[in-house]
Amino acid sequence: MPLALLALAIGAFGIGTTEFVIMGLLPEVAADYGVSIPTAGFLVTGYALGVVLGAPLMTVLGTRISRKRMLMLLMVLFVVGNVLSALAPTFGAMLAGRVVASLAHGAFFGIGAVVAADLVAPQKKAGAIAMMFTGLTVANVIGVPLGTFVGQTAGWRATFLIVAALGVLGLLGIARLVPEQPRSEGVRLRHELAAFRNVQVLLAMAMTVLGFGGVFAAITYITPMLTEAAGFDDGSVTWLLVLFGLGMVGGNLVGGRFADRALMPMLYVSLGALALLLALFTVTAQDKIAAAVTLTLIGALGFATVPPLQKRVLDQASGAPTLASAVNIGAFNLGNALAAWLGGLVIAAGWGITAPNGVGALLAGSALALAVLSGALERRDRRGASRVVAGAGTVAGAAAEPVAVAAPRQ
């Protein structure tokens, strides 16, 4: 794998830290601003919605410059947003800072996935994408637990200043290691938009929304869930997030490896197992050991879907993949926002702190149904294409068959 993938992983590490660390700090932020936990959950929802809007917007704005320069500009925007979050005097200002940082998220991963895939041979594209996303998963092993620990001891504002510093490190890594890639002269915005007329692209994005949304339904409220239901103390949450992050790292790498071999079967297995596990988490969340094991497996299965889903979009939008790739990153976060909102609703309705797990199971199950539909449509189209080719061959063969001519009599 090229060294440039390391630079992309560094940027992904910073972005992953800021995206997920807020979930370990929701109680501290809520107490500081005097708001409820469900209200503080809007910091997750707002960030996710910012990714959804920012992914296509920033990608379109970046079509006139090289991909490397666009990645660098996105990291600058990310740093600014996290500094604003760290210095925010009110909850509204904190939310605004989160949205500013989120505008860089979708375009960074979308453009970065295209760059990563272009750096390797065709049979290694999903593996290269997984390598970039490794930065996001490792953030949950190192960045998020460390940020949670710092936030609980030195204040959550210090955490976001550290995240801003990570963004600066990512910026320097991209400037140093990522090769200059000129923008594609033959591809225009209308070509990029044409990809969205492909039903398979839309189905893949819908799978992204629902599948990864299932993970976030549980993870958004994981701190109060583990402390109130399982009985962990606040200090244990840091180490539990490490387990979740380790699961993400393993699942991401396995998902990338098998997506290059059998993409759709990988999606069937990971989404189906994820739905069952989330449903089970409503029960296992009541026990410390069972909760820790289930949390690790949720991280693994959730991120096992990321490389195949991203590669699915790139494959189906081949020829003009940049915008579709970025929008699919936005789809991940649209699922996050939807799941965080639905999870807050069921908690506020009095269904219990573990109720979001049931929401997550329904979302992941719906994603599995769409995956089965997508596979069935693809097989139907292949059979139709085979019949057309076979029919054309038959006609051509008949036309080419020599006409019998009677031999002259001797």
Side-chain angles (χ1 to χ4, degrees), residues 16-51 81-102 105 139-140 143-164 213 215-241 244 285 291 295 333 336-357 359-360:
T17 300
T18 203
E19 179 182 18
F20 291 103
V21 76
I22 188 63
M23 288 170 282
L25 297 175
L26 277 183
E28 286 74 18
V29 174
D32 193 14
Y33 288 121
V35 299
S36 66
I37 291 291
T39 299
F42 281 112
L43 294 174
V44 178
T45 304
Y47 185 95
L49 291 176
V51 176
N82 281 284
V83 171
L84 290 176
S85 296
L87 303 178
T90 64
F91 181 79
M94 168 67 169
L95 181 59
R98 292 280 292 168
V99 171
V100 170
S102 72
H105 184 128
N140 286 271
V144 172
L146 178 61
T148 301
F149 175 76
V150 170
Q152 292 175 344
T153 56
W156 61 266
R157 295 179 187 275
T159 296
F160 285 96
L161 289 175
I162 292 174
V163 170
V215 176
F216 253 68
I219 299 305
T220 298
Y221 303 97
I222 196 63
T223 297
M225 192 183 303
L226 293 174
T227 54
E228 295 179 23
F232 287 102
D233 57 57
D234 291 339
S236 299
V237 173
T238 298
W239 304 109
L240 291 166
L241 291 176
F244 176 71
L295 181 63
N333 286 269
N336 298 351
L338 175 66
W341 176 64
L342 292 174
L345 283 183
V346 295
I347 292 174
W351 291 6
I353 198 64
T354 63
N357 297 325
V359 173

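Sequence positions, counted from 1, serve as the residue numbers for this chain. Given the structure is predicted, the values throughout are model-derived calculations rather than measurements.
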Next on the checklist: Is there a side chain to side chain contact (heavy atoms under 4.5 Å, CB included) between Phe91 and Leu43? Walk through the geometry before answering.
Outcome noted: CA-CA 9 Å; Phe91 181 79; Leu43 294 174; 3.7 Å; yes
Item to check | Any donor-acceptor N/O pair, Thr220 side chain to Ala217 backbone, under 3.5 Å | outcome: no
Checklist entry - Side chain of Tyr221, backbone of Ala340: donor and acceptor closer than 3.5 Å? => result yes
Give the minimum heavy-atom separation between [X] and [Y], together with the two atoms involved.
X      : Y      : value
Leu226 : Ala291 : CD2-CB, 4.2 Å
Asn357 : Ala285 : ND2-CB, 4.4 Å
Gly46  : Ser102 : O-OG, 4.4 Å
Gly343 : Pro356 : O-CG, 3.8 Å
Val83  : Ala164 : CG2-CB, 3.8 Å
Glu19  : Arg98  : O-NH2, 3.7 Å

Checklist outcome for this item: With sequence neighbours left out, the residues meeting side-chain contact (heavy atoms from CB on, under 4.5 Å) with Trp351 are Val346, Ala349, Ala355
Sequence neighbours excluded, every pair satisfying salt bridge (Lys or Arg N to Asp or Glu O under 4.0 Å) that has a member inside [range]:
range            : result
residues 337-346 : none
residues 339-351 : none
residues 145-156 : none
residues 145-157 : Asp32-Arg157

Starting at [atom1] of [X], measure out to [atom2] of [Y] and round the result to the nearest 0.5 Å.
X      : Y      : atom1 : atom2 : value
Leu295 : Ile222 : CG    : CD1   : 5.0 Å
Leu95  : Tyr33  : CG    : OH    : 10.0 Å
Ile22  : Thr223 : CD1   : OG1   : 10.0 Å
Leu161 : Trp156 : CG    : CH2   : 9.5 Å

Checklist entry - Quick one: are Met94 and Phe160 in side-chain contact, heavy atoms under 4.5 Å? => result yes
Checklist entry - Can you check whether Thr159 reaches Leu146 side chain to side chain, under 4.5 Å on heavy atoms? => result no
Checklist outcome for this item: Residues pairing under side-chain hydrogen bond (donor to acceptor under 3.5 Å, both in side chains) where one sits in residues 81-97, two or more places apart or in two chains, turn out to be Thr18-Asn82
Checklist entry - Between Phe232 and Met225, is a side chain to side chain contact (heavy atoms under 4.5 Å, CB included) present by the stated rule, with each step listed? => result CA-CA 9 Å; Phe232 287 102; Met225 192 183 303; over 6 Å; no
Next on the checklist: Quick one, Val44 with Phe216, criterion side chain to side chain contact (heavy atoms under 4.5 Å, CB included). Give me CA distance, side-chain angles, the key distance, then yes/no.
Outcome noted: CA-CA 10 Å; Val44 178; Phe216 253 68; 4.0 Å; yes
Checklist entry - Does the gap between the ring centers of Trp239 and Phe244 come in under 6.0 Å? => result no
Checklist entry - Do Asp233 and Ser236 get their side chains close enough for a donor-acceptor pair, meaning under 3.5 Å? => result yes
